[in-house]
Amino acid sequence: DVKVTQSSRYLVKRTGEKVFLECVQDMDHENMFWYRQDPGLGLRLIYFSYDVKMKEKGDIPEGYSVSREKKERFSLILESASTNQTSMYLCASNGDSTSTGELFFGEGSRLTVL
Amino acid sequence: AQSVTQLGSHVSVSEGALVLLRCNYSSSVPPYLFWYVQYPNQGLQLLLKYTSAATLVKGINGFEAEFKKSETSFHLTKPSAHMSDAAEYFCAVIKAGGFQKLVFGTGTRLLVSP
């Protein structure tokens, strides 16, 4: 089975702190994604990566950055956390173009910024 | 731009009753459409997908959805609800210009009562 692992299920941080959310997948997938999930807003794409060291902005990239130094790992970085970044963050991955649309998700990281 | 609209943030049914979750899409080109399910404290998993083959798509756990171009709809149904179906359901469409970038609806929470 495909496994996408998010290292932290629950985090509590203070305003202004730098936050790292880590995601690792074990299926050699080319594409990795970070989504933010908020009640009533569904999932919104923050950033995605289709190859090592490659990244593209999603719909809501402001306040976030990403890093993909190795194929299996995709990190989301909040340079200076703010209270409006309190949310559930979901990492996902999929393979090449033959797997169009089928994303494999991690269990999520719930971040609270005080 | 492509988008999906899920009608009803909450749907309540009795165990054994028909489940109907509504999704309407907007797309300037033939879409690929998906339903995902999220159980409490878990990530999302794929229920089923439409990729321009058969218009009636069968998924896991007895769910199915029918693509109706004339109505721009992709509603999710299950003949008989089970308590274990209680979850949040998301409809999604592939965004134009990026075949891997899913655009999600706002979600519908299904409540099942005994």
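So that the names make sense, note that chain A is the first sequence line, chain B the second, and so on, each numbered from 1.
Neither the backbone nor the side chain of B:Gln6 has a heavy atom closer than 4.5 Å to any heavy atom of chain A. Looking at A:Tyr10, only its side chain comes within 4.5 Å of chain B, counting heavy atoms on both sides.
Contact tally against chain B (heavy-atom pairs below 4.5 Å) for A:Gln37, A:Glu56, A:Gln6: the top residue is A:Gln37.
In the displayed structure, B:Arg22 atom CZ is contacted under 6.0 Å by at most 12 heavy atoms of other residues, nucleotides or ligands.
Atom CD in B:Gln42 sits 13.5 Å away from atom CZ in A:Phe105 (nearest 0.5 Å). Distance check, rounded to the nearest 0.5 Å: CD of B:Gln38 to CE of A:Met88 gives 6.5 Å.
Without hydrogens or angle criteria, A:Arg9 side chain to B:Asn41 main chain gives a donor-acceptor distance under 3.5 Å.
Linking Ile, Leu, Val, Met, Phe, Trp and Tyr residues whenever their side-chain heavy atoms come within less than 4.5 Å leaves A:Trp34 and A:Phe104 in two separate clusters. Hydrophobic cluster membership is shared by A:Leu11 and A:Tyr89, with clusters built from Ile, Leu, Val, Met, Phe, Trp and Tyr side chains linked at under 4.5 angstrom. One hydrophobic cluster holds both B:Met83 and B:Val13 under the rule that ILVMFWY side chains link at heavy-atom gaps under 4.5 Å. A single hydrophobic cluster is not seen to contain both A:Ile77 and A:Tyr47; linkage of ILVMFWY side chains at heavy-atom distances under 4.5 Å, directly or through other members, places them apart. The cluster map of Ile, Leu, Val, Met, Phe, Trp and Tyr, joined by side-chain heavy atoms under 4.5 Å apart, puts B:Leu102 and B:Leu46 in the same cluster.
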Query raised in the report: Does the pair B:Phe104 and A:Leu45 meet the rule for a side chain to side chain contact (heavy atoms under 4.5 Å, CB included), with working shown?
Result: CA-CA 9 Å; B:Phe104 286 85; A:Leu45 182 63; over 6 Å; no

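Between A:Glu102 and B:Tyr32, every side-chain heavy-atom pair lies at or beyond the 4.5 Å cut-off. Contact check for A:Leu103 versus B:Tyr36: side-chain heavy atoms found under the 4.5 Å cut-off.
What you find for A:Leu43 and B:Leu44 is that their closest heavy atoms are CD2-CD2, 4.0 Å.
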